[in-house]
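Heads up: the structure comes next, in structure tokens.
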Amino acid sequence: GAGVSQSPSNKVTEKGKDVELRCDPISGHTALYWYRQSLGQGLEFLIYFQGNSAPDKSGLPSDRFSAERTGGSVSTLTIQRTQQEDSAVYLCASSSRQGAGQFFGPGTRLTVL
Amino acid sequence: RKEVEQDPGPFNVPEGATVAFNCTYSNSASQSFFWYRQDCRKEPKLLMSVYSSGNEDGRFTAQLNRASQYISLLIRDSKLSDSATYLCAGRSNDYKLSFGAGTTVTVRA
């Protein structure tokens, strides 16, 4: 079956611009996660959605970052007024239930010039 | 201190050899663990889940030592295709995973 999909695969933007990253989880997966990974680093948790519960936003690095998940499926991560330190690969993952293994999408490689 | 730490390696091994490496975790409440493999410029792929003392899947064996708070991954009969970065993750609450920075393994012909 189809895995997690993300778009765009690559995004180059200028400092100060807003960007929107999209994630389409595996059908039927109720849990959705956003991470970012900088070069040579581990995965940094950003935000978690589970069903209709309030999201866990504890990993968002600043108020320039926000995310939403519409209809319990597709999610959008928005970064406002991008900075160079926002350059990273943004990975989305989904799982069938809390605590289960997470399956990752191919990521969006964001470059802020 | 990071919640999950890994030896970055690299572990360079010949084809057919056995390679093993550990992942230590600081949160004693961690309930389950996962090993992922990540190829260069690709997303992590789930390799193995560990919910009790260990798990085995073909040439891959994971062992959990709760007393010493580490989890190991052993790869037997290494293949060239096993060359990758292996990420360890621990689940500390109902859903959040903490990832290590990864261990690089290179299998040479």
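Per chain, numbering begins at 1; letters A, B, ... match sequence-line order. Computed from a prediction, not measured in an experiment: that's the story for all the values here.
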Original post:
Under a 4.5 Å heavy-atom cut-off, does chain B meet the side chain of A:L91, its backbone, both or neither?
Top reply: side chain
**OP:** Over 60° means perpendicular and under 30° means parallel, so classify the ring planes of B:F99 and A:Y35, tilted if in between.
**Re:** perpendicular
Original post:
Does a donor on one side chain sit under 3.5 Å from an acceptor on the other, for A:S58 and B:K96?
Top reply: yes
Subject >> Test log, rule side chain to side chain contact (heavy atoms under 4.5 Å, CB included), inputs A:V4 and A:C23 >> reply: CA-CA 7 Å; A:V4 178; A:C23 171; 3.8 Å; yes
Original post:
Can you tell which of B:Q6, B:R41, B:Q38, B:R91 has the highest number of heavy-atom pairs within less than 4.5 Å of chain A?
Top reply: B:R41
Original post:
A:F104 versus chain B, heavy atoms under 4.5 Å apart: side chain, backbone, both or neither?
Top reply: both
Subject >> Residue B:Q31 versus chain A: region with a heavy atom under 4.5 Å >> reply: neither
**OP:** Could you check whether the rings of B:F21 and B:F11 sit parallel, tilted or perpendicular, using 30° and 60° as the cut-offs?
**Re:** tilted
Original post:
Who wins among B:L46, B:T104, B:L97, B:L87 for the most heavy-atom pairs under 4.5 Å with chain A?
Top reply: B:L97
Original post:
Atom CG in A:L46, atom NZ in A:K57: separation rounded to 0.5 Å?
Top reply: 13.0 Å
Subject >> Segment of A:Q37 engaging chain B (4.5 angstrom heavy-atom cut-off) >> reply: side chain
